[in-house]
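Right, one structure below, let's go through it.
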Amino acid sequence: QVQLVESGGGLVQAGGSLRLSCAASGRAFSPYTMAWFRQAPGKERELVSRIWRSGNTNYADSVKGRFTISRDNAKSLVYLEMNNLKPEDTAIYYCAASRTPTTRDAADFDSWGQGTQVTVSS
């Protein structure tokens, strides 16, 4: 299906910013739902943010006001702008795509990237 490749991760100090990018390829049409997940060592994968084809967005409470998701359908790109980063944001961040508008958790997404590491130091 859709191939996804994340980039933009790195090491930043608390309060810093990063912008993650996800490039999609291999499909003729843009997925209905794009999302960012993250997974810290020893923890389950967590839904961070979603953006629908319409442009509507959803954020986890822990990142509201700090993260912004956006997508460029023409270029098959999705972004996650992360500001005021905290050590608790440290995780591998994954881009995901779904062909359907209704998504609840990771099982509802059918395409995944390889992940990009985000590390926030205190």
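All values below come from the heavy atoms of this structure, side chains included, with hydrogens, waters and symmetry mates left out.
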Expected output: side-chain [X] to main-chain [Y] donor-acceptor under 3.5 Å:
X	Y	answer
Trp36	Tyr93	no
Asp108	Arg104	yes
Ser21	Ser7	no
Glu6	Cys95	yes
Thr116	Gly9	yes

For the residue pair [X] and [Y], confirm or rule out a side-chain donor-acceptor distance under 3.5 Å.
X	Y	value
Tyr32	Arg53	no
Thr102	Thr100	no
Arg66	Asn83	no

Original post:
Quick one: is the NZ or CZ of Arg45 closer than 6.0 Å to the six-membered ring centre of Trp112, and within 45° of its axis?
Top reply: yes

Cluster question for you: counting only ILVMFWY and a side-chain heavy-atom cut-off of under 4.5 Å, with indirect links fine, are [X] and [Y] together?
X	Y	value
Phe67	Ile51	yes
Leu80	Leu47	no
Leu77	Val2	no
Leu4	Leu20	yes
Leu18	Ile69	yes

Do the side chains of [Y] and [X] get nearer than 4.5 Å, heavy atoms only?
X	Y	value
Val120	Gln13	no
Ser122	Pro87	yes
Glu46	Ser62	yes

**OP:** Please work out whether the ring planes of Phe37 and Phe109 are parallel, tilted or perpendicular, with thresholds of 30° and 60°.
**Re:**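 Perpendicular.
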
Subject >> Pair Asp89 + Lys86: basic N to acidic O under 4.0 Å >> reply: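 Salt bridge between Asp89 and Lys86, a charged N being under 4.0 Å from a carboxylate O: no.
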
Distance check, rounded to the nearest 0.5 Å: [X] atom [atom1] versus [Y] atom [atom2]?
X	Y	atom1	atom2	result
Met82	Ser17	CE	OG	8.5 Å
Thr57	Met34	OG1	CE	14.5 Å
Tyr59	Ser49	OH	OG	4.5 Å
Arg19	Tyr79	CZ	OH	6.5 Å

Original post:
Can you check side-chain hydrogen bond (donor to acceptor under 3.5 Å, both in side chains) on Thr103 and Arg50, steps first, answer last?
Top reply: CA-CA 9 Å; Thr103 55; Arg50 290 174 289 176; 3.2 Å; yes

Subject >> Pairs touching residues 6-25 that satisfy ring-ring contact (aromatic ring centres under 6.0 Å, His included), sequence neighbours left out >> reply: none

**OP:** Kindly give the heavy-atom pair with the smallest separation between Ala91 and Arg38, and that separation in Å.
**Re:**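 Nearest pair, atom of Ala91 first, then Arg38: CB-CB, 3.8 Å.
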
